[in-house]
Structures are given as C-alpha cells and as structure tokens.
Amino acid sequence: MRVLYLYAHPLEDSFHAAIRDAARDGLRAAGHETDLCDLYAEGFDPVLSAAERRGYHEVPGNRGPVEDYVGRLERAEALVLSFPTWCFGLPAILKGWMDRVLLPGVSFRLEDGVAKPNLLHIRKIAGISTYGRPRWTAMLVGDPPRMAVTRYLRVITAGRAAIDYHALYDMNRASDARRAAFLARVRGRMARF
C-alpha cells in the first residue's frame with residue numbers, strides 16, 4: 001500500500017525519531033511504499049488563516065493553500081500518525097494539519113448540509129503516540145488523541161479503515177527496556193500493517 005506517514009515532533013534526536021524509524025522499517029519490510037510527511041521539517045504552517053476559513057466550503061478552491069498535502073492524502077491508501085501527546089492533546093502542528101487539510105471535498109462532502117465521509121480510499125490507519133503520564137490519567141480526561149485517531153478518522157473513512165492505536169504511557173518513567181520493547185512492538189505491528 002501507499003502509506004502517508006504523518007510525523008509531528010520537532011527534535012530529530014527524540015525518542016519519537018526512533019519510533020518513526022522503527023515504524024518505517026516495519027512498513028518497508030511489509031513491502032509498503034511510505035511517504036514521510038515530517039510536518040516540522042517541511043515547515044508546515046498549522047494556522048488556518050482568515051482567508052482559508054472564509055473559503056472553507058468553496059470546493060475545490062479551498063484546497064489551494066494546501067494542495068500538495070491534499071494530493072499526498074488522496075494518493076495514500078493508509079495513514080500512520082506518529083506524535084507525542086502534549087497536554088492530553090495532539091501537537092498543534094498535527095491538529096493544524098487536520099484543520100487545514102481535512103477539508104470539505106477532501107475528507108468529507110456536504111450533501112444538503114449533512115457531512116458525508118469522503119476518505120473512502122483509506123484502508124488502514126495507525127496512531128502511534130507517547131504520553132508522559134500513566135494511562136489512567138489519560139482515561140480520566142477522555143484520552144483525546146486516541147479518540148481523534150480511533151473515532152474521528154473512523155467517521156471520515158465511513159468505518160471502512162481498519163484502525164490501530166499504539167501508545168507508550170508513563171513515558172517519563174519508562175525504562176530503557178520498556179522503550180526498547182515499545183520500539184519492537186511498533187516495528188512488528190507495522191510489518192503486519
């Protein structure tokens with residue numbers, strides 16, 4: 001499959017860089033073609049401008065400012081979102097990508113004012129994240145990153161995409177062995193993606 005790998009971490013020497021590399025190794029081993037979209041390295045601007053908001057419903061003109069990203073999404077058959085969880089949310093750059101790229105006419109279409117799923121070509125989705133706190137605290141606040149991946153993306157694919165979510169909770173206290181085991185798990189899951 002053609003996999004769009006959305007990567008959202010600013011530091012090249014972070015544990016997330018190791019996660020990205022392990023995941024891409026697994027995807028390569030499975031024979032998938034991967035388009036790495038490193039949002040920080042590409043200088044993606046997450047801010048939805050006033051002009052973009054005014055033209056939000058103007059299909060197909062609304063895709064103009066982010067046409068390259070829309071094209072990459074439309075060519076993909078699968079998505080992997082790799083990101084740290086900060087303040088129990090998606091990093092702003094990834095949330096901004098969703099706000100600016102998952103547009104009417106792209107991720108959904110409006111029919112008589114009702115949003116209908118439009119990412120029907122996406123067959124698989126995986127979220128890979130780390131959390132600084134234990135799982136129970138994420139559950140206490142509803143685990144918004146997990147919900148964004150497993151519920152929102154399910155809606156805009158009309159439930160057709162198989163969705164996995166891989167999380168390393170309590171990262172602040174994770175031992176080297178626990179981090180290594182998570183990398184091996186991610187590599188293995190992506191090899192079976």
Side-chain angles (χ1 to χ4, degrees), residues 3-12 14-17 19-20 23 34-59 62-76 78-110 115 117-119 122 124-133 135 137-158 161 163-169 171-172 186:
V3 179
L4 178 58
Y5 194 104
L6 294 169
Y7 178 68
H9 199 289
L11 301 177
E12 186 53 41
S14 68
F15 181 63
H16 261 275
I19 292 171
R20 175 202 61 212
T34 304
D35 173 7
L36 174 61
C37 182
D38 183 333
L39 295 171
Y40 282 97
E42 294 183 17
F44 180 78
D45 181 359
V47 177
L48 179 71
S49 72
E52 285 175 275
R53 183 61 193 122
R54 275 192 194 88
Y56 185 77
H57 293 98
E58 303 302 322
V59 177
N62 60 351
R63 61 176 55 205
V66 289
E67 183 65 52
D68 291 342
Y69 292 98
V70 169
R72 291 164 82 174
L73 176 61
E74 289 179 337
R75 287 188 295 278
L79 294 173
V80 176
L81 295 82
S82 180
F83 59 92
T85 295
W86 290 333
C87 299
F88 295 110
L90 300 171
I93 200 164
L94 181 56
K95 177 63 169 75
W97 183 92
M98 294 172 98
D99 291 344
R100 293 187 67 213
V101 178
L102 301 181
L103 296 161
V106 177
S107 67
F108 65 97
R109 59 191 189 285
L110 291 173
N118 204 45
L119 285 182
I122 300 295
K124 290 194 173 192
I125 298 170
I128 307 170
S129 191
T130 57
Y131 295 68
R133 296 184 182 200
R135 175 118 196 245
T137 58
M139 291 173 59
L140 188 65
V141 297
D143 204 345
R146 180 182 289 267
M147 295 304 107
V149 173
T150 63
R151 292 187 182 177
Y152 176 63
L153 295 179
R154 182 178 309 280
V155 168
I156 61 178
T157 62
I163 300 178
D164 289 324
Y165 192 80
H166 313 287
L168 177 61
Y169 292 92
M171 172 73 185
N172 295 339
V186 165

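For the single chain, residues carry numbers from 1 onward in sequence order.
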> Of the options Thr85, Val149, Leu90, which is the one that meets Ser129 in a side-chain contact (heavy atoms from CB on, under 4.5 Å)?
Replying inline: Thr85

>> Would you say that Met98 contacts Tyr152 through its side chain, given a criterion of any heavy-atom pair below 4.5 Å between the two side chains?
In response: yes

>> Check this for me, if you would: do Arg63 and Glu74 make a salt bridge, where the nitrogen-to-carboxylate-oxygen distance has to be below 4.0 angstrom?
In response: yes

>> Does any part of the side chain of Trp97, heavy atoms only, come nearer than 4.5 Å to the side chain of Pro46, both counted from C-beta?
In response: no

>> Can you confirm whether Met147 is buried at CE, in the sense that more than 12 heavy atoms of other residues, nucleotides or ligands lie under 6.0 Å from that atom?
In response: yes

> What are the two closest non-hydrogen atoms of Leu11 and Ser14, and how far apart are they?
Replying inline: O-OG, 3.0 Å

> So, for Leu94 and Ala8, which heavy atoms are closest and what is the spacing to 0.1 Å?
Replying inline: CB-CB, 4.0 Å

> Can you name the closest pair of heavy atoms from Ile128 and Ala23 and give their distance?
Replying inline: CD1-CB, 4.0 Å

> Is there a side-chain contact (heavy atoms from CB on, under 4.5 Å) between Leu4 and Val80 once you walk through the steps?
Replying inline: CA-CA 6 Å; Leu4 178 58; Val80 176; over 6 Å; no

> What are the two closest non-hydrogen atoms of Tyr56 and Asn62, and how far apart are they?
Replying inline: O-ND2, 2.9 Å

>> Test your reading of the model: is there a side-chain donor-acceptor pair from Arg75 to the backbone of Gly71, 3.5 Å cut-off?
In response: yes

>> To the closest 0.5 Å, what do you measure between NZ (Lys124) and OG1 (Thr157)?
In response: 13.5 Å

>> So, taking the atom named CD1 in Ile19 and the one named NE2 in His9, what distance separates them when rounded to the nearest 0.5 Å?
In response: 8.5 Å

> Are side-chain heavy atoms of Met171 and His16 found at a separation under 4.5 Å?
Replying inline: no

>> Between Tyr5 and Asp38, is the side-chain contact (heavy atoms from CB on, under 4.5 Å) condition met? List the steps.
In response: CA-CA 8 Å; Tyr5 194 104; Asp38 183 333; over 6 Å; no

> Is there a donor-acceptor pair closer than 3.5 Å between any side-chain N or O of Glu52 and the backbone N or O of Ser49?
Replying inline: yes

> Is Phe83 close to Thr130 at the side-chain level, that is, under 4.5 Å between some pair of heavy atoms?
Replying inline: no

>> Would you say Asp143 and Tyr169 are linked by a side-chain donor-acceptor pair, where the criterion is simply a distance under 3.5 Å?
In response: yes

> side-chain contact (heavy atoms from CB on, under 4.5 Å) between Lys95 and Arg100: does it pass, once the steps are laid out?
Replying inline: CA-CA 9 Å; Lys95 177 63 169 75; Arg100 293 187 67 213; over 6 Å; no

>> Less than 4.5 Å apart, side chain to side chain, heavy atoms only: is that true for Cys37 and Arg72?
In response: yes

> Rounded to the nearest 0.5 Å, what separation is found between the CG atom of Asp45 and the CD1 atom of Ile93?
Replying inline: 8.5 Å

> Is the side chain of Thr150 donor-acceptor paired with the backbone N or O of Arg146 at a distance under 3.5 Å, no angle test?
Replying inline: yes

> Do Asp35 and Val3 touch side chain to side chain, with heavy atoms closer than 4.5 Å?
Replying inline: no

> Which one of Val70, Val66, Ile156, Asn118 satisfies the side-chain contact (heavy atoms from CB on, under 4.5 Å) criterion with Leu102?
Replying inline: Ile156

> Side chains of Tyr131 and Asn172: do they bring a donor and an acceptor to under 3.5 Å?
Replying inline: no

>> For Tyr7, does the six-membered ring have the charged nitrogen or CZ of Arg20 within the cation-pi criterion, i.e. under 6.0 angstrom from the centroid and within 45° of the normal?
In response: yes

>> So if I apply the side-chain contact (heavy atoms from CB on, under 4.5 Å) rule between Leu153 and each of Leu119, Ile122, Leu81, which one comes out positive?
In response: Leu81

> Once you round to the nearest 0.5 Å, how far does CG of Leu140 lie from CZ of Arg135?
Replying inline: 12.5 Å

